[in-house]
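The structure appears right after this line, and notes come after that.
Here is the naming used below: chain letters follow the sequence lines, and residue numbers restart at 1 for every chain.
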Amino acid sequence: MKTLAALPKQTSAPAKLISPSTAARTPTRIAPAVSTESQFVPLIHASKVVLHLRQIHAQILLQGFSWSSLLATQLVSASSLRNAIDYSISVFSQYHPKNVFLFNALIRGLVKNARFEVALSHFVLMLRSDARPDRMTYPFVLKSTAQLFLRRLAGELHCMIFKTGVELDSFVENSLINGFLAAGLLDKAKAAFDQMPEKNVVTWTTMVNGFSQNGDNEKALSVFSRMLEENVRPNDFTVVSALSACAKIGAVEAGLRIHKYIKDNRFRLNAAIGTALVDMYAKCGNIESASQVFSETKERDILTWSVMIWGWALHGRFQQAVQCSKQMLRSGIKPDEVVFLALLTACTHAGQVDLGLNIFDSMRLDYQIDPSMKHYSLIVDLLGRAGRLNEALKFIEEMPINPDLVIWGTLFCACRAHKNVEIAEFAVTKLLELEPKHPGSYVFLSNAYAAVGRWEDAERVRSSMQDKGVGKGPGWSHVEVDGQVHRFVAGDNAHHKDANEIHQKLEEIMSGARKQGYMPGTEWVLHNIEEEEKEDALGSHSEKLALAFALIQTSPKTAPIRIVKNLRICGDCHSLMKYASIMSQREIIVRDIKRFHHFKDGTCSCGDYW
DNA sequence: GTAGGGTTAG
């Protein structure tokens with residue numbers, strides 16, 4: 001065994017600026033004898049744990065090598081990759097002067113450890129120092145701005161790169177595009193993309209993903225198609241992004257094509273691709289295919305399980321959701337907070353109150369997961385729907401975090417459904433207290449005012465909502481016909497080329513339904529938050545337009561009609577869909593913001609409980 | 001003369 005005594009004598013100037021207290025206490029025998037500083041580099045690379053790095057650090061000092069920026073950089077880099085970012089920062093702060101390598105190593109390490117603000121603050125330090133950022137610096141800085149959605153900074157970095165003449169390589173350019181997309185600067189992203197001479201697979205993937213993140217999933221899918229036309233080979237990242245775009249808008253035909261592409265091109269069904277496929281099928285209403293792909297996916301991580309459990313929950317398949325989570329436990333994966341959200345959602349939709357409460361307790365006691373506001377609001381919903389309002393109130397009062405507007409709103413809706421004026425009024429008072437802090441939740445508040453007869457206040461809230469432009473946005477529905485996604489907006493089909501025909505068809509459906517007992521009207525539902533505006537003629541709700549369009553465009557014996565809606569389906573549309581499923585003898589699948597409704601032979605899979 | 005890199009799913 002080599003010891004320090006066997007190592008060569010000091011040959012260079014003593015170490016500077018390292019305090020021994022930061023080095024390990026027993027710096028013996030870690031490394032073989034070395035005679036030059038560069039020989040430490042492979043030792044640093046080979047170190048598996050931070051303790052070894054600390055020992056090497058100490059040995060460098062004891063041997064009296066000049067403490068070079070090379071070694072400092074290597075230590076910063078190696079420790080940041082071994083989850084010891086605080087040690088990286090301490091090494092960084094001890095070495096002077098700091099050059100571009102050292103800054104880059106630290107910024108990279110901070111980004112890898114998701115410390116984006118700190119990364120940016122070190123970038124600012126860098127600008128104030130003598131070290132000039134180079135083409136290695138910008139990708140990480142841009143990643144930080146992207147993660148933090150910093151709009152202005154993305155533009156400023158763009159200018160800085162041009163002003164300082166940093167070499168533009170594909171890494172810098174792709175990062176710039178991603179920075180623009182993350183900041184919502186679609187035009188800038190598109191301009192940068194269009195003028196890029198050599199777009200690689202990452203460039204294309206960034207665009208697909210970026211459009212999808214910005215809610216323009218149709219555009220994301222068209223970019224993906226263009227990429228194939230230009231013979232750029234997608235990689236795993238690309239197909240996952242494209243599948244995610246399909247999932248968001250329920251584009252099952254596009255999703256099927258991508259699945260076929262994956263099979264034809266022999267992509268390995270790894271956890272990422274398997275998960276994306278399961279998610280796509282589940283969110284497109286095809287839960288059986290989701291389940292099929294899930295069983296074919298042998299490599300599963302927690303995301304794979306959680307999208308499957310979510311899928312069952314969304315489709316109201318409570319038993320399978322529970323089954324699936326048990327199977328997950330048996331396979332040795334511990335549930336996280338999202339899995340619990342999925343399970344609690346499944347309980348809520350199935351009216352399984354006591355089981356839901358047990359699951360909630362188990363989450364805290366058996367898995368040490370602190371419930372988030374979302375978990376709490378699911379429990380309030382669970383109790384509230386079942387009419388256990390006093391329990392719900394008690395539960396809220398005992399919550400360890402301050403209940404937000406959603407919590408009180410959920411309680412309020414439950415009270416209204418179960419006609420408990422007393423607790424409803426209490427919930428409204430709480431909503432009022434919270435009003436100034438929640439500019440985004442005016443609809444809720446306005447409903448609350450209306451419910452207690454304060455019409456002027458209701459109107460005031462509604463108009464201030466319009467002034468501030470924080471409206472919930474128009475309700476829309478999608479329906480896919482022959483792989484094309486068609487979007488309908490509530491009360492506005494005038495611009496559609498088939499407007500007359502759609503209107504006629506809708507009339508036909510409604511009069512047919514009336515003969516069978518359909519009563520137009522705002523049927524009572526538990527939650528009418530985010531329903532489309534009542535004052536819109538019911539006949540023009542976007543899902544009805546989509547239904548009429550799909551009935552015109554597709555032949556009777558084909559696949560189910562799948563409609564995706566951005567808000568909750570209203571009671572009237574829900575009722576009409578049931579009649580429409582009888583008259584057309586078609587299966588109609590509606591995905592609203594909360595769950596799936598499978599209408600068949602006059603009934604809905606949600607059992608009218610939603 | 002110079003160590004180091006960008007995109008994905010609930």
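- Minimum heavy-atom separation, A/Ala251 to A/Leu221: CB-CD1, 4.3 Å.
- Atoms CG (A/Asp169) and P (B/dG5) sit 13 Å apart, rounded to a whole Å.
- Side-chain proximity of A/Lys143 to the nucleotides B/dG5, B/dT7, B/dA9 is greatest for B/dT7.
- Between A/Leu70 atom CG and B/dG1 atom C1' there is a gap of 13 Å when expressed in whole angstrom units.
- Residue A/Asp301 has its side chain nearest to B/dA9 when only B/dA9, B/dG10, B/dT7 are considered.
- Ranking B/dA9, B/dG5, B/dG10 by closeness to the A/Asn209 side chain, first place goes to B/dA9.
- One interatomic measurement links the two molecules: CZ of A/Arg233 to P of B/dT7, which rounds to 22 Å at whole-angstrom precision.
- For the residue pair A/Thr205/A/Ser241, the side-chain donor-acceptor check at 3.5 Å is not satisfied.
- Judged purely by distance below 3.5 Å, without hydrogens or angles, the side chains of A/His478 and A/Glu218 pair a donor atom with an acceptor atom.
- Atom CG in A/Leu102 sits about 14 Å away from atom C1' in B/dT2, given to the nearest Å.
- Set against B/dA9, B/dG10, B/dG5, the side chain of A/Ala272 has B/dA9 as its closest nucleotide.
- Between the side chains of A/Ser212 and A/Lys248, at least one donor N or O sits under 3.5 Å from an acceptor N or O.
- The distance between atom CG of A/Asn270 and atom P of B/dA9, rounded to the nearest whole Å, is 14 Å.
- Here the nucleotide nearest the side chain of A/Val172, chosen from B/dT7, B/dT8, B/dG5, is B/dG5.
- You can call A/Phe237 stacked on the base of B/dT7; the centres are under 5.5 Å apart and the planes sit within 30°.
- Between the CG atom of A/Leu269 and the P atom of B/dA9 there is a distance of 18 Å, rounded to whole Å.
- Each of B/dT8, B/dA9, B/dG5 was ranked by its minimum atom distance to the side chain of A/Ser241; first place goes to B/dT8.
- Nearest to the side chain of A/Ser244, among B/dA9, B/dG5, B/dT7, sits B/dA9.
- Nearest to the side chain of A/Phe171, among B/dA9, B/dG10, B/dG5, sits B/dG5.
- Rounding to whole angstrom units, CD1 of residue A/Ile309 and P of B/dA9 are separated by 20 Å.
- Rounding to whole angstrom units, CD of residue A/Gln213 and P of B/dA9 are separated by 5 Å.
- Across B/dT7, B/dG10, B/dG5, the shortest atom-to-atom separation from the side chain of A/Val202 is found for B/dT7.
- The side-chain heavy atoms of A/Val338 and A/Trp310, taken from C-beta on, include a pair separated by under 4.5 Å.
- Closest to the side chain of A/Arg108, from the set B/dG10, B/dG5, B/dA9, is B/dG5.
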